[in-house]
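The next block holds one structure in the form of structure tokens; read it before the comments.
Since the structure is predicted, the reported quantities are computational estimates derived from the model, not experimental observations.
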Amino acid sequence: MKKLFVILSVCLAALTSVSAQTADNKKELVEKADSNGYIVFDGDKAPDFTITLTDGRQLKLSDLRGKLVMIQFTASWCGVCRKEMPFIERDIWQRHKDNPNFILIGIDRDEPLEKVVNFAKQTGITYPLGLDPGANIYAKFALRQSGITRNILIDKDGTIIKRTRLYKEDEFSSLVETIDKYLK
């Protein structure tokens with residue numbers, strides 16, 4: 001019985017320590033975040049991740065080095081996403097989809113495959129969409145409680161060169177110009 005008590009005490013101490021570390025990490029992230037909830041910034045190396053696309057293929061961000069990568073965080077319930085996505089499709093994807101030095105990945109925040117596939121059909125987008133169960137990829141770039149839509153542009157070396165939040169025409173135009181200039 002005494003042995004069991006010691007084991008339980010050690011386990012409780014370990015759980016308390018992990019909980020305190022988690023609270024400290026959350027506090028650090030909140031303090032680091034900008035007014036848009038980003039915890040990564042222009043000039044930072046993009047956090048690596050592996051994503052499963054709706055067609056079952058897997059992509060690892062670090063395997064895309066040498067290309068300009070645009071990540072769009074989205075979800076079917078996001079009205080601003082639905083407004084922005086046709087512009088991404090027309091002004092970015094359709095212009096650059098055949099360029100071997102460019103890739104665009106929409107990352108759907110925490111929705112099941114069927115819903116994401118239907119979302120793509122409803123919005124008329126043809127660029128690749130990937131699944132982010134639990135919003136764990138999202139949490140590498142922004143505070144979990146912060147909203148979407150947001151776009152992140154990553155250069156061929158894996159460095160973040162531009163971030164946008166929501167759909168603002170001037171900001172979106174600047175994103176398009178940056179992509180066009182980079183791919184010339």
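- A donor atom on one side chain and an acceptor atom on the other are not found under 3.5 Å apart for Thr74 and Asp108.
- Looking at heavy atoms from C-beta onward, Phe73 lies out of side-chain contact with Asn151 at the 4.5 angstrom threshold.
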Start with the C-alpha gap between Asp180 and His96, add the side-chain angles, then the distance that decides, and say whether side chain to side chain contact (heavy atoms under 4.5 Å, CB included) holds. CA-CA 9 Å; Asp180 289 347; His96 301 294; 2.7 Å; yes

Does Ile179 form a side chain to side chain contact (heavy atoms under 4.5 Å, CB included) with Met70? I'd like the steps, not just the answer. CA-CA 9 Å; Ile179 292 168; Met70 180 179 156; 3.9 Å; yes

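- No side-chain heavy atom of Leu175 sits under 4.5 Å from any side-chain heavy atom of Ser173.
- The backbone N or O of Asp48 lies less than 3.5 Å from a partner atom in the side chain of Lys140, making a donor-acceptor pair.
- There is a side-chain donor-acceptor pair under 3.5 Å between Glu84 and Thr149.
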Test salt bridge (Lys or Arg N to Asp or Glu O under 4.0 Å) on Asp157 and Lys45; report intermediate values, then the result. CA-CA 8 Å; Asp157 299 317; Lys45 286 291 182 192; 5.7 Å; no

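- Checking Thr50, Asp63, Thr52 one by one against Gln58, the side chain to side chain donor-acceptor pair (under 3.5 Å) holds for a single residue, Thr52.
- Side-chain contact between Ile103 and Leu59: present, with at least one pair of heavy atoms (C-beta onward) separated by less than 4.5 Å.
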For residues 85-92, dump all side-chain donor-acceptor pairs below 3.5 Å to protein atoms at least two apart in sequence or in another chain.
| residue | atom | partner | partner atom | Å |
| --- | --- | --- | --- | --- |
| Glu89 | OE1 | Thr126 | N | 2.7 |
| Glu89 | OE1 | Thr126 | OG1 | 3.3 |
| Glu89 | OE2 | Gln94 | NE2 | 2.5 |
| Glu89 | OE2 | Thr126 | OG1 | 2.6 |

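- Under the side chain to side chain contact (heavy atoms under 4.5 Å, CB included) test applied with Phe102, the options Leu64, Leu68, Val69 reduce to a single match, Leu68.
- One N or O on the side chain of Lys67 and one on the backbone of Pro100 form a donor-acceptor pair closer than 3.5 Å.
- Side-chain contact between Thr159 and Ile154: absent, with no pair of heavy atoms (C-beta onward) separated by less than 4.5 Å.
- Counting all heavy atoms, side chain and backbone alike, Leu61 lies closest to Pro47 at CD2-O, 3.3 Å.
- Checking side-chain atoms of Asn118 against main-chain N and O of Gln122 turns up no donor-acceptor pair under 3.5 Å.
- With hydrophobic clusters built from ILVMFWY side chains whose heavy atoms lie under 4.5 angstrom apart, Val176 does not share a cluster with Ile160.
- Remark: the backbone N or O of Gly134 is paired with a side-chain donor or acceptor of Arg144 at under 3.5 angstrom.
- Ala139 and Ile39 make their closest contact through O-CD1, 3.3 Å (heavy atoms, listed as atom of the first residue, atom of the second, distance).
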Under the criterion side chain to side chain contact (heavy atoms under 4.5 Å, CB included), I'd like the reasoning laid out for Ile71 against Phe141: C-alpha separation, chi angles, the key distance, then a yes or no. CA-CA 11 Å; Ile71 298 170; Phe141 293 87; 4.2 Å; yes

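- The two residues Ala120 and Leu129 come nearest to each other via the heavy atoms CB-CD1, 3.7 Å.
- Inter-residue side-chain proximity for Ser174 and Lys162 is flagged as met; some heavy-atom pair is nearer than 4.5 Å.
- The cationic atom of Arg109 (NZ for Lys, CZ for Arg) lies less than 6.0 Å from the six-membered ring centre of Tyr138 and within 45° of the ring axis.
- Counting only heavy atoms from C-beta outward, the side chains of Trp77 and Phe119 never approach each other to under 4.5 Å.
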Quick one, Gln72 with Arg150, criterion side chain to side chain contact (heavy atoms under 4.5 Å, CB included). Give me CA distance, side-chain angles, the key distance, then yes/no. CA-CA 6 Å; Gln72 180 222 9; Arg150 54 183 75 232; over 6 Å; no

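- Of the charged side-chain nitrogens involved, at least one lies within less than 4.0 Å of a carboxylate oxygen, so that Arg57 and Asp55 count as a salt-bridged pair.
- Tracing side-chain contacts under 4.5 Å through hydrophobic residues (I, L, V, M, F, W, Y), one reaches Leu153 starting from Ile125; they form part of the same cluster.
- Ion pair Arg163/Asp34 flagged as a salt bridge, since at least one NZ, NE, NH1 or NH2 atom sits closer than 4.0 Å to an Asp/Glu carboxylate oxygen.
- Taking the side chain as every heavy atom from C-beta outward, Leu131 and Ile51 never approach each other to under 4.5 Å.
- Residues Phe49 and Leu104 do not share a hydrophobic cluster, clusters being chains of Ile/Leu/Val/Met/Phe/Trp/Tyr side chains in contact below 4.5 Å.
- Residues Leu53 and Tyr127 do not share a hydrophobic cluster, clusters being chains of Ile/Leu/Val/Met/Phe/Trp/Tyr side chains in contact below 4.5 Å.
- No more than 12 heavy-atom neighbours from other residues, nucleotides or ligands sit within 6.0 angstrom of NZ on Lys115.
- The minimum heavy-atom distance between Ile148 and Leu166, with the atom names listed, is O-CD2, 4.0 Å.
- The main-chain N or O of Lys156 is found under 3.5 Å from a side-chain atom of Tyr182 such that the two form a donor-acceptor pair.
- At a threshold of 4.5 Å between side-chain heavy atoms, the hydrophobic network of Ile, Leu, Val, Met, Phe, Trp and Tyr places Phe172 and Ile107 in two separate groups.
- Here the closest non-hydrogen pair linking Leu143 and Ser146 is O-OG, 2.5 Å.
- Between the side chain of Asp132 and the main chain of Ile137, a donor-acceptor pair closer than 3.5 Å is present.
- Applying the 6.0 Å contact sphere to NZ of Lys168 captures more than 12 heavy atoms from other residues, nucleotides or ligands.
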